[in-house]
Asker: 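A single structure is presented below for examination.
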Amino acid sequence: MSEIDTTSASKTVEFRGGGFAPQSRKWVGVAVFIVLIGFVELGTRVGFITNLTLPIPSDVFATFVDLWQSGLLWKHLVPSIMRLIVGATIGVSLGIGVGILIGLFSLIRAGLIPLVAAIFPIPKIALLPLFVIWFGIDETSKYALIAFGTFTPTVVATYGAVDNVDRSLIRMGQSFSLSWLSIVRKIVLPGAMPGILSGLRISLAIAIILLVAAEMLGAEYGIGAYILEAGSLYDLERLFVGVAILSILGVLVSLVIGMIEKQLLSWRV
Amino acid sequence: MDLRLESVGHHYGDMEVLSDINLDIPTGKIVCIVGPSGCGKSTLLRLVGGLELPTTGRILQIGTPPADSINPLTYVFQDFALLPWRSAEGNISLVLEDHKLPSSRVTEIIADVLARTKLTEFAKAYPKQLSGGMKQRVAIARALAVNPAILLMDEPLSALDSQTRELLMDDLVSLWTREPFTSVYVTHNLNEAVRLGHSIVVLSRRPGRIREIVDVAIPLGDRELGDPELERQQKHLWNLMRDEALAADKELLHV
Ligand SMILES: Nc1ncnc2c1ncn2[C@@H]1O[C@H](COP(=O)(O)OP(=O)(O)OP(=O)(O)O)[C@@H](O)[C@H]1O
Ligand SMILES: [Mg+2]
């Protein structure tokens with residue numbers, strides 16, 4: 001082992017591995033927000049961003065505190081969250097159900113995939129009048145709009161996820177004579193879960209987008225209604241308060257899905 | 001329960017994969033199947049286990065499987081086919097859940113097969129925590145749990161390194177000596193074939209036909225690594241297969 005000539009120049013081998021493995025760095029996301037808001041605050045105060053372009057962030061915050069103290073925040077938030085929960089639950093559960101049927105049965109697949117492809121790109125907002133005629137002006141039409149909007153992306157994500165379930169696991173199930181229902185419940189569904197959950201992220205974001213549209217259907221209270229009113233009055237502070245609330249909702253939803261993923265998908269490598 | 005294959009043949013579209021296979025698989029014996037790549041070994045195994053229907057010929061079960069056999073024809077797969085979202089224990093209980101066994105019996109079976117495959121400590125481990133060799137042991141434990149009349153193994157050791165393979169072969173031999181099971185064992189590895197097979201079926205290149213059936217008389221338990229008689233048999237098998245393998249290799253290049 002001593003045939004190495006130790007007299008010649010030596011250096012440690014350079015490290016060139018690492019990277020390409022996402023790690024948890026939560027504070028970076030927070031820092032981006034703080035820097036961005038700080039920049040706008042500075043700009044609007046110093047004047048290189050005019051008041052017409054953007055409101056002063058601290059004013060927006062003050063408006064938010066007002067809203068909170070007057071108790072109106074909850075009055076707006078509660079019905080909106082209700083609409084989100086009811087609408088998204090209907091849309092997502094129907095979507096997962098239909099997606100699984102498409103994934104499992106060729107006939108249903110052949111019949112429904114073109115239909116879903118035809119429905120997906122329709123801007124649901126364009127159908128507002130139709131929803132009013134079908135479901136009336138009250139809550140039902142709002143639920144229906146959100147449900148309809150979350151349904152198609154959920155279907156597409158779900159049948160894609162079912163298609164991607166490892167066929168060799170299904171053959172294994174058959175080779176042990178598991179019943180059809182057991183194979184679906186114990187092999188197909190858990191195997192499709194990662195795809196379904198990542199589809200859920202998109203569907204729920206769409207649900208929040210559609211909230212504003214749903215509340216265009218005559219709503220007295222609701223974050224969407226609040227934004228629409230502020231918009232029509234050109235009240236930028238209140239507009240931004242509403243938008244910020246929607247953003248926060250989005251972040252919360254994504255956090256919750258992240259937690260569910262951690263729980264349900266801990267088996268993933 | 002014995003199995004008999006009567007002039008079994010199989011086509012995929014226009015391609016003939018297997019042709020005129022006549023074979024008996026007697027109770028308590030391990031029948032190894034060797035042959036060049038793509039000659040239809042896996043297909044033959046799928047036909048035997050009823051995962052596919054043969055185009056011609058038929059596959060007969062002779063006699064009834066033992067009453068306590070939950071799944072008479074049971075596979076062990078090359079890629080293990082374990083559910084990643086279930087622990088070792090859970091993967092075994094999966095195949096028992098559909099059979100309305102009392103839960104005490106299920107626990108009993110799981111403990112027994114885990115002990116037989118030396119996995120008791122790993123009952124709660126998930127596949128991602130297990131090495132390849134241990135995953136295959138879990139898969140073997142799962143197969144034993146349903147008390148198969150015939151074990152159908154498709155290159156069960158091919159995904160493992162050679163040391164682990166050696167150890168698992170010993171495990172299989174000791175499982176067999178303790179309680180002889182019937183098995184159809186597909187492999188690429190001639191050494192595995194002479195170590196584990198009571199008889200070795202050599203298939204020709206595609207369309208696979210039986211070229212020769214070699215019987216190995218030495219009892220399973222006495223077959224040692226490097227036994228001259230086994231070496232001789234292995235050499236004989238290799239001579240049978242070399243030309244076929246060469247030709248099969250060329251054929252694949254032409255596709
Ligand atoms: N489902 C299928 N549809 C069409 N062709 C198939 C199918 N399964 C296998 N084949 C073809 O049949 C031939 C035999 O396949 P098979 O997997 O049985 O070979 P094998 O002997 O197991 O090969 P290997 O040694 O590589 O495992 C191959 O040419 C393969 O491409
Ligand atoms: Mg094969």
Side-chain angles (χ1 to χ4, degrees), chain A residues 20-24 96 99-100 103-106 157-201 257-269, chain B residues 42-43 45-52 65 69-88 90-100 124-130 135 138-139 141-156 159 184:
Chain A
F20 299 99
Q23 281 163 354
S24 177
I96 292 179
I100 288 175
L104 293 178
F105 300 104
S106 321
T158 305
Y159 80 68
V162 172
D163 287 351
N164 275 331
V165 174
D166 190 347
R167 295 295 118 167
S168 68
L169 293 181
I170 296 178
R171 290 285 167 270
M172 181 277 292
Q174 292 176 323
S175 80
F176 280 95
S177 306
L178 300 194
S179 67
W180 183 86
L181 205 66
S182 282
I183 291 179
V184 172
R185 233 164 29 93
K186 297 170 188 170
I187 300 178
V188 176
L189 266 187
M193 204 40 89
I196 294 180
L197 283 179
S198 67
L200 210 58
R201 278 181 194 279
I257 295 181
M259 273 153 55
I260 297 177
E261 279 180 342
K262 256 211 175 110
Q263 267 295 312
L264 287 184
L265 307 182
S266 57
W267 50 267
R268 274 202 295 197
V269 193
Chain B
S42 302
T43 308
L45 210 61
R46 284 199 295 276
L47 296 176
V48 170
L51 288 181
E52 257 175 86
S69 173
I70 297 174
N71 189 50
L73 297 168
T74 298
Y75 284 89
V76 174
F77 299 93
Q78 178 177 2
D79 62 354
F80 323 129
L82 297 175
L83 301 185
W85 49 87
R86 285 190 177 225
S87 62
N91 266 288
I92 300 171
S93 79
L94 172 82
V95 299
L96 299 170
E97 284 160 12
D98 272 14
H99 297 280
K100 302 201 178 65
K124 302 266 186 272
Y126 282 81
K128 71 170 176 187
Q129 301 168 299
L130 299 172
K135 281 186 213 163
V138 175
R142 174 180 64 189
L144 294 176
V146 292
N147 201 2
I150 299 179
L151 264 182
L152 305 170
M153 308 208 247
D154 192 358
E155 306 196 27
V184 183

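Lettering follows sequence order; numbering is per chain, from 1. Computed from a prediction, not measured in an experiment: that's the story for all the values here.
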Asker: Apply the test side-chain contact (heavy atoms from CB on, under 4.5 Å) to residues B/R46 and A/R171: give CA-CA distance (whole Å), side-chain angles for both, the deciding distance (0.1 Å), then the verdict.
Answerer: CA-CA 10 Å; B/R46 284 199 295 276; A/R171 290 285 167 270; 5.8 Å; no
Asker: Counting only heavy atoms closer than 4.5 Å, note whether B/L152 contacts chain A via side chain, backbone, both or neither.
Answerer: neither
Asker: Nearest 0.5 Å please: distance from the CZ atom of A/R185 over to the CD atom of B/E97.
Answerer: 8.0 Å
Asker: Side chain from CB out, backbone as N, CA, C, O: work out which of these in A/I187 comes under 4.5 Å of a heavy atom of chain B, or both, or neither.
Answerer: both
Asker: Rounded to the nearest 0.5 Å, what's the gap from CZ on A/F176 to NE2 on B/H99? Could you check?
Answerer: 9.5 Å
Asker: Could you grab the distance from atom OG of A/S175 to atom CZ of B/F77, nearest 0.5 Å is fine?
Answerer: 3.5 Å
Asker: Distance check, rounded to the nearest 0.5 Å: B/L94 atom CG versus A/S182 atom OG?
Answerer: 7.5 Å
Asker: For chain B, find which of A/P190, A/S266, A/G191 contributes the most heavy-atom pairs closer than 4.5 angstrom.
Answerer: A/P190
Asker: Please state whether the side chain, the backbone, both or neither of B/Y75 comes within less than 4.5 Å of a heavy atom of chain A.
Answerer: both
Asker: At what distance, to the nearest 0.5 angstrom, does CH2 of A/W267 lie from CG of B/L83?
Answerer: 9.5 Å
Asker: Would you mind checking which part of B/V146 comes under 4.5 Å of any heavy atom in chain A, side chain (CB onward), backbone (N, CA, C, O), both or neither?
Answerer: side chain
Asker: Looking at every heavy atom in both B/A81 and A/S168, which two are closest together, and how far apart are they?
Answerer: CB-O, 4.3 Å
Asker: Measure the spacing between CG of A/L181 and CG of B/D98 and express it to the nearest 0.5 Å.
Answerer: 9.0 Å
